[in-house]
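Note that the coordinates shown come from a computational prediction; the quantities given were computed from them, not determined experimentally. Positions are given from 1 along the sequence.
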Amino acid sequence: MSSHPVAETVASLMPRARTELSELVAFKSVADFDQFPKSESEGAANWVADALRTEGFQDVALLDTPDGTQSVYGYLPGPEGAKTVLLYAHYDVQPPLDEAAWTSPPFELTERDGRWYGRGAADCKGGVIMHLLALRALKANGGVPVHVKVIAEGSEEQGTGGLERYAEEHPDLLAADTIVIGDTGNFRVGLPTVTSTLRGMTLVRVQIDTLEGNLHSGQFGGAAPDALSALIRVLDSLRAKDGSTTVDGLAAHATWEGLVYDEQQFRKDAKVLDGVELIGSDAVADRIWARPAVTVLGIDCPPVVGATPSVQAGARALVSLRVPPGVDAAEATTLLQAHLEAHTPWGARVRTEQIGQGQPFSADTTSPAYTAMADAMTVAYPGQEMQYAGQGGSIPLCNTLAALYPQAEILLIGLSEPEAQIHALNESVSPEELERLSVAEALFLQNYAGN
């Protein structure tokens, strides 16, 4: 870590940061109120609002967004005539999956082997703490040189679009010269990285029906059309022999020009079993950042336990398609639905329904904000230069903000490096990454104010 005064301040604040992250992780703030009490999300929202008030933020508010959740907003005025920077994070988290399978309780921040474990520690409650650390460090070293807006979303993981719609209805609220999205991560621990592209996504439900009702497989099997078999054929048509995505009419040959992702390192990061091949062709970065990727998220069909000897009358699946930059998500949805319908065999009845969509995102990495961040990261990570990576995931808010504020520069940083295992069991954050990225964000704000 650098001996810069800002770095020294952040280092001194880390014990407090751990305490605060422990408090925030303790809220079971999953924005699915059929599974988790709404009061848990409300508690986390109030925690963030109180933290902002303590730091001197004005106009702190819990915004009731159209999806029934709350986003937390605050404004910290800077010097007259200064630029405005919006800092984004989200306080909602993914469900913990099987709580009993965690090594330590998912909603109890636990230190183990130099990392802090807990649901949301990296994604993205740690991002809230990162913003607070950066601002505190600036206050202790000459003050915050820009106007700062903070927005902490309450339903990012659900993809229900509440904050996007709220922002569209209140277009002045989040207006800024630069927006820092604290919800991505370094390519590897210790390697400073900005995410310059995001794949978008679409979700399509496909239903196939062939019979008025299930039939005895001994009496009718062999001639009666099986809806589950038809669905399997349709889903298989979405992949070439090597496993790469094949949607009729959808381009799938783009290449990635930035960071190289070593194939053996990817196998290790993805925990691919020995002897199992990766799918697709060409460079790993091409496959996960620059090309479309289809995933079957779920299938409704009889479970093995309790299955009967029946020809199935109907079956359905939920299909996700990640959409690379340069491709319109709405057009990709149309192509996916047309493909599913065209490849349904035996004249089976097929219905497709889009149930979610987010556009891909691509940043202008030549802008002044990127120069300011690159200089800041060089100080926060001595001996390392800032890298540019893509991300296979989607952050729909990025496109909403880019559309609302076309002149704003958008940077994506965060704590979700591969070891963090976000969305999985035993999610964790590296305290060293939290410290270094907080320093980088503070120095970025100083550099950017001076541009």
Side-chain angles (χ1 to χ4, degrees), residues 20-55 57 59-76 86-96 106-107 109 118-132 148-171 173-174 176 179-184 198 201 356-358 393-401 404 412 414-416 422-423 427 429:
E20 290 180 325
L21 187 56
S22 297
E23 294 172 358
L24 198 48
V25 163
F27 292 105
K28 300 178 180 180
S29 51
V30 179
D32 180 350
F33 304 137
D34 292 330
Q35 292 189 70
F36 289 84
K38 190 174 185 178
S39 59
E40 292 288 322
S41 287
E42 291 171 341
N46 280 296
W47 189 99
V48 176
D50 288 343
L52 294 181
R53 291 188 190 101
T54 300
E55 296 305 318
F57 276 74
D59 306 325
V60 175
L62 300 180
L63 311 177
D64 292 316
T65 55
D67 61 356
T69 65
Q70 294 178 316
S71 290
V72 186
Y73 170 82
Y75 173 67
L76 185 67
L86 174 68
L87 304 178
Y88 167 89
H90 62 85
Y91 68 81
D92 71 302
V93 298
Q94 284 282 341
F107 296 104
L109 196 71
R119 175 57 91 222
D123 183 24
C124 179
K125 290 176 176 179
V128 174
I129 303 300
M130 176 182 73
H131 294 327
L132 292 173
V148 174
K149 295 179 178 179
V150 165
I151 187 74
E153 188 174 0
S155 57
E156 190 275 343
E157 298 292 7
Q158 296 300 313
T160 44
L163 182 56
E164 289 102 278
R165 296 201 296 277
Y166 191 97
E168 288 165 350
E169 293 164 5
H170 304 82
L173 185 72
L174 303 182
I179 299 165
V180 179
I181 305 285
D183 191 27
T184 57
L198 298 169
M201 72 171 298
Q357 178 182 289
S394 308
I395 304 177
L397 180 66
C398 276
N399 296 89
T400 300
L401 297 176
L404 286 173
L412 297 102
L415 299 160
S416 299
I422 63 168
H423 295 201
E427 177 183 346
V429 68

Self-check item: Phe107 side, atom CZ; Phe27 side, atom CZ - distance, nearest 0.5 Å
Solution: 12.0 Å
Practice problem: Applying side chain to side chain contact (heavy atoms under 4.5 Å, CB included), run through Lys125 and Val429 and close with a yes or a no. | Solution: CA-CA 10 Å; Lys125 290 176 176 179; Val429 68; over 6 Å; no
Exercise. Specify the closest pair of heavy atoms between Ser71 and Gly154, including all atoms of both residues, with the distance to one decimal.
Key: OG-N, 3.6 Å
Quiz item: Gly162 and Pro66: which non-hydrogen atoms are nearest, and at how many Å?
Solution: O-CD, 3.2 Å
Quiz item: Just how far is it from atom CD1 of Ile422 to atom CG of Leu415, taken to the nearest 0.5 Å?
Solution: 10.5 Å
Self-check item: Atom NZ of Lys149 with >12 non-hydrogen neighbours under 6.0 angstrom
Solution: yes
Exercise. Using a 4.5 Å cut-off on heavy atoms from C-beta on, say whether the side chain of Leu163 contacts that of Ile151.
Key: yes
Self-check item: Heavy-atom closest pair, residues Leu21 and Ala121
Solution: CD2-O, 4.1 Å
Practice problem: Drop me the distance from Glu168's CD to Leu174's CG, to the nearest 0.5 angstrom. | Solution: 11.0 Å
Exercise. Mind listing the closest non-hydrogen atom pair of Leu198 and Cys398 along with its distance?
Key: CD1-SG, 3.8 Å
Quiz item: Among Val48, Leu109, Val93, which residue meets the side chain to side chain contact (heavy atoms under 4.5 Å, CB included) test with Leu24?
Solution: Val48
Exercise. Can you label the angle between the Tyr88 ring and the His90 ring as parallel, tilted or perpendicular, going by 30° and 60°?
Key: tilted
Quiz item: Is Val72 close to Val150 at the side-chain level, that is, under 4.5 Å between some pair of heavy atoms?
Solution: no
Quiz item: Less than 4.5 Å apart, any side-chain heavy atom of Val30 and any of Gln158?
Solution: yes
Practice problem: Mind checking the OH-CH2 spacing from Tyr91 to Trp47? Nearest 0.5 Å is all I need. | Solution: 13.0 Å
Self-check item: Value rounded to 0.5 Å, distance of CD in Glu427 from CG in Asp123
Solution: 5.5 Å
Quiz item: Do Glu164 and Glu153 touch side chain to side chain, with heavy atoms closer than 4.5 Å?
Solution: yes
Quiz item: Does any non-hydrogen side-chain atom of Tyr166 lie less than 4.5 Å from one of His170?
Solution: yes
Exercise. Run the numbers on Ile395 and Thr184 for side chain to side chain contact (heavy atoms under 4.5 Å, CB included), then give the verdict.
Key: CA-CA 9 Å; Ile395 304 177; Thr184 57; 4.0 Å; yes
Quiz item: Just wondering, do Asp64 and Gln70 contact through their side chains at under 4.5 Å, heavy atoms?
Solution: yes
Exercise. Answer whether the closest heavy-atom distance between the side chains of Asp92 and Thr69 falls below 4.5 Å.
Key: no
Exercise. For residues Pro95 and Arg119, report the shortest heavy-atom separation together with the two atoms involved.
Key: O-NH2, 3.0 Å
Quiz item: With distance as the sole test, does Glu40 use its side chain to make a donor-acceptor pair with the main-chain N or O of Ser29 at under 3.5 Å?
Solution: no
Quiz item: Is there side-chain contact between Phe33 and Ser41, with heavy atoms separated by less than 4.5 Å?
Solution: yes
Quiz item: Should Thr65 and Thr160 be marked as a side chain to side chain contact (heavy atoms under 4.5 Å, CB included) after you check the CA-CA gap, both sets of side-chain angles, and the distance that decides it?
Solution: CA-CA 10 Å; Thr65 55; Thr160 44; over 6 Å; no
Practice problem: Drop me the distance from Cys124's SG to Glu156's CD, to the nearest 0.5 angstrom. | Solution: 7.5 Å
